[in-house]
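In what follows, a single structure is set out as structure tokens and then discussed.
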Amino acid sequence: MASNNSYPPALDDNLERDRLVEVIKDWSIAHGLAVWPAPAVIEEQKPRLAIHAPVTLFPSPFPKSCFEEAKSIQTTYNELYAAIARDEEFLGGLVKEVAGNDEFIADLWDVHVRVKKEGYVQPLALGLFRSDYMVHQDSPTATPQIKQVEFNTIASSFGGLSAKTSDLHRFLSQTEYPLLKDPSAHSLDLPANNSVAGLAAGLQSAFHAYGKSSLGHPTCVIFLVQSPERNVFDQRHLEYQLAASGVPIFRLPFSQTLARTEISAGSPARQLLYRPEHNPQKVYEVAVVYMRCGYGPGDYPSKDAWEARYQIERSNAISCPTVLTQLAGMKKVQQVLATPPTHPSSSPVMRSFVSDDTKFDNLWKTFTNIYPMDTSEAGQHARKLATDPEACKKYVMKPQREGGGNNFYRSAIPAHLKEIPEAQWSRYILMELITPPPLNNIILRNGELEQGGVICELGVYGTCLWDRNDGKIVHNAEAGYLLRTKGDQSEEGGVAAGYGCMDSVCFL
Ligand code: ADP
Ligand code: MG
Ligand code: MG
């Protein structure tokens, strides 16, 4: 067992360090723990060469009780978000609060409204979720607790690479760490991580639930993707796992949706048909559309892109996610769940979705303070905090966006608010910063090492398939984890955005 104060081990000379770096680079390429380089690099590079994903040299310590708690409540979180995604009235109310100042959210809602008018044909909806947490600890002697950063309902990424990162650290713990002179990593307790198998199992459950094509076509799964995409290998791992179980899968750039898919003509069931570009004679019926795109305005440069989203949404394919499931992931939803009622006698909003006391308490414990930025009582309080040069230092302000790089931190909050009319502030939420205990690690990024203080963010994956009409849950599972680590000077944690890196958990 490693001791708390010396971990991770000090690498006592360049030999030890260089050796680890070489072994990690080889293992990463050999096992697809890889990314395409940034677009600027690709342009200069012919042919295009992939590179190892940014990764820590050692797994980071994470309190076992926190890790197990986060995993154990995932199926409850799945149920909660399935229930929210079914509550059109609740979501519609929140959309109304932000949509006036947020065209993207308004456009998404419009897609739902258009489909609702003609009636949805597919009763099932699939969620591949990820609930993100940081460890909160007031003082070194206080019991560490997990606090939720956010809940992702669309394009929850890194499940492919995170299982590989756990494998890498396990491999190193069997081969390289025992040879280090500093013994602190000689014997590590590393939890299993089934994120690839778990997420693929979620997709598989939807594929099977769809059943056979009534038109006599073979059925398939479509991975709807951005193009270009740096994080292809992450997606490929899920694809290969699914393909190994015999499911036909195609990657389709979102921009080609209208060119390569159509709704079956004259069939009220609105089957979604797909013709591969290299063999348009062959027709597949799409059982599941797994979106790794479409979560931000950048993916909708034209009216056609919105028509493409509409075509998916109105089709009979099982959408992962539907528009409503995507909207359930708004930061505004998380805020409304976490904000206590103004009057102590009234129930928290989450009560209407989670009636079981234990389940309710388990989720409630993971919330930190989140405020609306509207004109309500709580909103007025938040506006004071956000515009105060001292108070703002404890907060992050978030718009209704995904994918990293959209938030305002600390002193940037009042600075930003000065630039926009007060009437638009309600499109944000204000969240207390979670401050995890200090840790150290070494990050290998683009072949270079960065050593120092780090902050870790745990993500727990969940898969859920439910009937949007009667609420019946067809499949509900926890599906492995992600540990992302960033330098403690960085506000954002996105790996793809270049701030964070892949990591895995060890228990000390
Ligand atoms: P996105 O949907 O863009 O990923 P997040 O809410 O996850 O938005 O915020 C991005 C990053 O900002 C997180 O990965 C985390 O590093 C940091 N962050 C967000 N909220 C908090 C918080 N309450 N406390 C500390 N860091 C936070
Ligand atoms: Mg995030
Ligand atoms: Mg997110």
Side-chain angles (χ1 to χ4, degrees), residues 54 60 70 77 81 102 104-105 127-138 144-159 162 231 291-299 321 325-335 337-339 366-371 373 382 385-386 392-410 412-413 427-439 443 453-462 481-503:
S60 288
Y77 261 123
Y81 275 84
D102 193 325
F104 176 64
I105 297 294
L128 262 52
F129 300 139
R130 199 188 68 220
S131 186
D132 291 338
Y133 307 90
M134 283 180 180
V135 172
H136 176 72
Q137 199 173 14
D138 286 331
Q145 295 170 286
I146 42 162
K147 291 291 174 190
Q148 188 181 54
V149 172
E150 64 153 344
F151 192 89
N152 294 290
T153 59
I154 180 166
S156 311
S157 55
F158 292 110
S162 65
N231 201 22
M291 296 186 69
R292 290 293 292 261
C293 63
Y295 50 81
D299 282 343
T325 307
Q326 177 172 352
L327 288 168
M330 285 191 298
K331 268 75 178 177
K332 185 72 195 169
V333 169
Q334 188 196 15
Q335 174 258 302
L337 296 178
T339 304
T366 65
F367 294 153
T368 187
N369 289 323
I370 314 180
Y371 303 96
M373 285 286 288
L385 295 171
C392 72
K393 290 180 183 164
K394 283 186 164 171
Y395 294 92
V396 50
M397 188 171 77
K398 305 183 184 183
Q400 312 306 313
R401 287 292 174 278
E402 292 303 321
N406 300 301
N407 299 340
F408 298 89
Y409 296 88
R410 300 187 170 94
I413 302 172
R427 71 168 185 250
Y428 298 103
I429 57 100
L430 189 74
M431 182 175 192
E432 204 165 276
L433 282 166
I434 308 160
T435 48
L439 290 173
I443 295 171
V454 294
I455 290 176
C456 298
E457 183 173 344
L458 177 76
V460 177
Y461 296 99
Y481 81 90
L482 161 71
L483 192 71
R484 270 179 310 176
T485 291
K486 61 179 183 178
D488 58 9
Q489 301 305 308
S490 165
E491 310 278 21
E492 287 277 337
V495 179
Y499 312 105
C501 78
M502 302 299 300
D503 196 347

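All ligand and atom numbering here is 1-based and tracks the order in the structure.
Q335 places none of its side-chain heavy atoms less than 4.5 Å from the side chain of K398. By the 4.5 Å heavy-atom criterion applied to side chains, T368 and H136 are not counted as neighbours. With contacts defined as side-chain heavy-atom distances shorter than 4.5 Å, the pair Y77/V460 does not qualify. Annotation: side chain of Y81 is in contact with side chain of F129 (closest heavy-atom distance under 4.5 Å). A 4.5 Å side-chain heavy-atom check between I154 and P321 finds at least one atom pair inside the cut-off.
The only option from K331, K147, R484 that meets the salt bridge (Lys or Arg N to Asp or Glu O under 4.0 Å) definition with D132 turns out to be R484.
The M134 neighbourhood of ligand 1 comprises atoms 15 (C), 16 (O), 25 (C), 26 (N), with distances under 4.0 Å to a heavy atom of that residue. Interface of G404 with ligand 1, defined as ligand atoms under 4.0 Å from a residue heavy atom, comprises 1 (P), 3 (O), 4 (O). Using a 4.0 Å cut-off to heavy atoms of M431, the atoms of ligand 1 that qualify are 23 (N). Near E432, meaning under 4.0 Å from one of its heavy atoms, ligand 1 places the atoms 22 (C), 23 (N). Counting atoms of ligand 1 from 1 in the listed order, those under 4.0 Å from a heavy atom of R401 are 2 (O). Near V396, meaning under 4.0 Å from any of its heavy atoms, are these atoms of ligand 1: 20 (N), 21 (C), 22 (C), 23 (N). Each of the atoms 16 (O) of ligand 1 lies under 4.0 Å from some heavy atom of K486.
The shortest separation from a heavy atom of V149 to ligand 1 is under 4.0 Å, placing the residue in contact.
Note that CE of M291 is 11.5 Å distant from OG1 of T325, once rounded to the nearest 0.5 Å.
Polar contact with ligand 1: absent for T368 (N/O pair, distance under 3.5 Å).
Residue contacts with ligand 1 for K331 involve side-chain atoms from C-beta outward but no N, CA, C or O (heavy atoms, distance under 4.0 Å). Contact annotation: for Y395 versus ligand 1, there are no heavy atoms closer than 4.0 Å. Contact annotation: for I434 versus ligand 1, heavy atoms closer than 4.0 Å belong to both the backbone and the side chain. Counting heavy atoms closer than 4.0 Å to ligand 1, residue E150 contributes side-chain atoms (C-beta onward) but none from N, CA, C or O. Contacts between E457 and ligand 1, counted as non-hydrogen atom pairs separated by less than 4.0 Å, involve the side chain only. The proximity of I455 to ligand 1, defined as any non-hydrogen pair under 4.0 Å, does not occur for either the backbone or the side chain.
The Mg ion (ligand 3) lies at 2.8 Å or more from every N, O or S atom belonging to D132. Note on N152: counted as a metal contact of the Mg ion (ligand 3), an N/O/S atom lying under 2.8 Å. At a threshold of 2.8 Å, the Mg ion (ligand 2) has no backbone or side-chain N, O or S atom of E457 nearer than that distance.
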Open item on the list: As a quick check of understanding, evaluate side-chain contact (heavy atoms from CB on, under 4.5 Å) for V454 and D488, giving each step before the final call.
Closed with: CA-CA 5 Å; V454 294; D488 58 9; 5.9 Å; no
- [ ] Determine, stepwise, if the pair F158 / M502 fulfils side-chain contact (heavy atoms from CB on, under 4.5 Å).
- [x] CA-CA 9 Å; F158 292 110; M502 302 299 300; 3.6 Å; yes
Less than 3.5 Å apart, which donor and acceptor atoms pair up between the side chains of residues 428-437 and the rest of the protein, not counting sequence neighbours?
from, atom 1, to, atom 2, distance (Å)
Y428, OH, H416, NE2, 2.6
E432, OE1, N369, ND2, 3.0

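Under a 3.5 Å cut-off, the side chain of D102 and the backbone N or O of R427 do not form any donor-acceptor pair. Panel note: side chain Q400, backbone L327; no donor-acceptor pair is recorded below 3.5 Å.
Rounded to 10°, the angle that OE1 of E402 and OE1 of E150 form at the Mg ion (ligand 3) is 100°.
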